[in-house]
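Quick notes on the structure that follows.
Just so it is clear, the model here is predicted, and its values are computed rather than measured. Computed over heavy atoms, backbone and side chain alike; hydrogens, waters and symmetry mates excluded.
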Number of protein chains: 2
Amino acid sequence: MKYNEAKDKFIQTWGTLGSSWGISRTMAQVHALLLISPESLCTEEVMEELKISRGNCNMTIRDLMDWGLVYKELKAGERREFFRAEKDIWKVAKQIIKERRKREIEPVLGVLEELKQVEGNKTDKKHKALVDAVTNIESVVEKADFALEKAIKLDENALIGTLFKLFK
Amino acid sequence: MKYNEAKDKFIQTWGTLGSSWGISRTMAQVHALLLISPESLCTEEVMEELKISRGNCNMTIRDLMDWGLVYKELKAGERREFFRAEKDIWKVAKQIIKERRKREIEPVLGVLEELKQVEGNKTDKKHKALVDAVTNIESVVEKADFALEKAIKLDENALIGTLFKLFK
DNA sequence: AATATCTTTCAAATAATTTTGAAAGTTCAA
DNA sequence: TTGAACTTTCAAAATTATTTGAAAGATATT
């Protein structure tokens, strides 16, 4: 495979993976481009490479910085901003997990807690089914949240090693 | 909170959680409705409760069955099909992980393997950056895939217990 | 303070996804 | 074999999400 073909396919693939695991497709594509750029790039260069508009490019890069996946870099004597990606993929994964726990799990736990307070009678089947479902979901979500919280504090190999031992 | 309000909020919340963690919003809503139904429901009942069309309802239920989250139930003397949800949420989570590994991780690993074969010279910075990125991503994705594969073979409490010990 | 360079915003346009509903398909009982 | 009851399909419509680009906002330079 030629370099240019591989590059396009890489941006495409990382875009797909990202969009199915928590960051938007364009965010993942910009991140992919920066990942394979030896030097940091400016907005103009990202626009040009990915054929996206200035507005889109700007917003996407801001989002990536909010997620902690891209850093701003100022070059001496340069007016415009340059950007480089976090290249340690385990760090990237940890960062995504951290953000998603905050953005998507925590709010749900709040709602579940509220839902457990539903008025009603324990002998009513429908009421019981609702309370049971909420209770079970809360239990699993809390455990998953805990597991993720711990997992991102570990070194990637420590995590694998631990799981591996359990099955030896 | 009144039962009906809690029910709607539950369907809404499970819909949101589902759609951000791998199944579509409507799939998650139908699943939510079935989760809190003491008896299995027929297509007509699901359509009525969620105000969705017959076509959508049918396709969504098929998808849920494909994912292993909903089962068909035949009632004696009844022509139409009834559906009930898997109510063990840990099983649901495991099932979703299993499907997503198959649908979303495995194909990516294939592409990454291909990409490592890109032609080029090790001294070319761009070429090296691409190969490095692919190699690092592959390593993390493989480890995550392994971790998920092992995690779904464990009891939920065993998983938590193990992680807990690591931090005692 | 005027100008050039770069960044941000956001309403409108475009694209992608989801939903609908009517028609076709299936199954079964009479 | 007919038709009633139910399920499936899929093109078109509706809805959602993303992208654009021009205008407004910054910021540094002369």
Side-chain angles (χ1 to χ4, degrees), chain A residues 11-12 14-34 39-67 70-84 100 103-104, chain B residues 11-12 14-34 39-67 70-84 100 103-104:
Chain A
I11 291 171
Q12 193 52 41
W14 192 229
T16 305
L17 192 66
S19 77
S20 64
W21 293 86
I23 66 176
S24 82
R25 166 174 263 87
T26 311
M27 263 172 83
Q29 287 180 347
V30 172
H31 185 251
L33 175 64
L34 292 173
E39 309 297 335
S40 57
L41 303 181
C42 67
T43 305
E44 206 73 34
E45 289 167 322
V46 174
M47 286 166 61
E48 169 60 27
E49 289 270 8
L50 299 179
K51 309 284 180 227
I52 59 176
S53 70
R54 184 173 304 284
N56 192 7
C57 193
N58 179 270
M59 288 192 297
T60 300
I61 290 176
R62 296 304 125 189
D63 284 349
L64 281 166
M65 290 198 295
D66 284 349
W67 278 76
V70 159
Y71 310 114
K72 188 186 291 189
E73 204 159 69
L74 295 172
K75 292 192 180 180
E78 280 279 11
R79 179 79 172 278
R80 66 221 151 126
E81 300 172 325
F82 287 77
F83 307 95
R84 75 189 153 80
R100 297 194 66 188
R103 295 169 193 230
E104 297 162 15
Chain B
I11 292 171
Q12 192 52 41
W14 193 229
T16 304
L17 192 66
S19 76
S20 63
W21 294 85
I23 67 176
S24 82
R25 165 175 264 85
T26 310
M27 263 172 81
Q29 286 179 347
V30 172
H31 186 251
L33 175 64
L34 292 173
E39 310 296 336
S40 56
L41 303 180
C42 68
T43 305
E44 207 74 33
E45 289 167 322
V46 174
M47 284 166 61
E48 169 61 26
E49 289 269 8
L50 299 179
K51 309 284 180 225
I52 59 175
S53 71
R54 184 173 304 283
N56 192 7
C57 193
N58 179 269
M59 289 192 296
T60 301
I61 290 176
R62 296 305 125 188
D63 284 349
L64 281 165
M65 290 198 297
D66 284 349
W67 277 77
V70 159
Y71 310 114
K72 187 187 292 190
E73 204 159 69
L74 295 171
K75 290 194 182 179
E78 282 278 11
R79 181 78 171 279
R80 65 219 150 128
E81 302 173 325
F82 287 77
F83 307 96
R84 76 189 153 80
R100 296 193 66 187
R103 296 169 194 230
E104 298 161 14

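- The distance between atom CD of E78(A) and atom C1' of dA4(C), rounded to the nearest whole Å, is 15 Å.
- Between N56(B) atom CG and dA14(D) atom P there is a gap of 16 Å when expressed in whole angstrom units.
- When rounded to the nearest whole Å, the span between NZ of K72(A) and C1' of dT8(C) equals 11 Å.
- Between R25(B) atom CZ and dT19(C) atom P the separation is 9 Å, expressed in whole Å.
- Between the CG atom of D63(B) and the P atom of dT17(C) there is a distance of 15 Å, rounded to whole Å.
- Side-chain nitrogen and oxygen atoms of N58(A) include none within less than 4.0 Å of the OP1 or OP2 phosphate oxygen of dT7(C).
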Provide a list of protein-nucleic acid N or O atom pairs under 3.5 angstrom, restricted to nucleotides 27-30 of chain D.
unit_1: dT27(D); atom_1: O2; unit_2: R79(A); atom_2: NH2; d: 2.3

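- The pair E78(A)-K72(A) fails the salt-bridge criterion, with no side-chain N (NZ, NE, NH1 or NH2) lying under 4.0 Å from an Asp/Glu carboxylate O.
- Which of dT8(D), dT19(D), dT7(C) sits closest to the side chain of S53(A) comes down to dT19(D).
- Between S40(B) and K75(B), the closest side-chain pair of non-hydrogen atoms falls below 4.5 Å.
- With respect to the salt-bridge test (charged N to carboxylate O, under 4.0 angstrom), the residues E44(A) and R79(A) do not qualify.
- Among the atoms of the strands shown, none is found under 4.0 Å from any heavy atom of E44(B).
- Place I52(A) and F83(B) on DNA chain D by their nearest nucleotides, and F83(B) ends up nearer the 5' end.
- Rounded to a whole Å, the CZ atom of F82(A) is 14 Å from the C1' atom of dT7(C).
- Between R62(A) and G55(B), it is R62(A) whose nearest contact on DNA chain C lies nearer the 5' terminus.
- R54(B) comes within 4.0 angstrom of a nucleotide base, judged by non-hydrogen atoms across all strands.
- When the options E39(A), E45(A), E73(A) are evaluated for a salt bridge (charged side-chain N to carboxylate O under 4.0 Å, His left out) with R84(A), the one that passes is E73(A).
- Residue T26(B) is in sugar-phosphate contact alone, with no base atom involved, counting any heavy-atom pair closer than 4.0 Å across all strands shown.
- Side chains of V70(A) and H31(A) form a contact here, defined as non-hydrogen atoms less than 4.5 Å apart.
- Regarding R80(A), its CZ atom lies at a distance of 14 Å from the C1' atom of dA4(C), rounded to whole Å.
- Not one N or O on the side chain of E49(B) forms a donor-acceptor pair closer than 3.5 Å with the backbone of V46(B).
- Taking the ring centre of W21(B) as origin, the terminal cationic atom of R100(B) falls outside the region bounded by 6.0 Å and 45° from the ring axis.
- Nucleic acid contact class of K51(B) (heavy atoms, under 4.0 Å, all strands): sugar-phosphate only.
- The distance between atom CD1 of I23(B) and atom P of dT17(C), rounded to the nearest whole Å, is 18 Å.
- Between M59(B) and T43(B), the residue anchored closer to the 5' end of DNA chain D is T43(B), taking for each the nucleotide with the nearest heavy atom.
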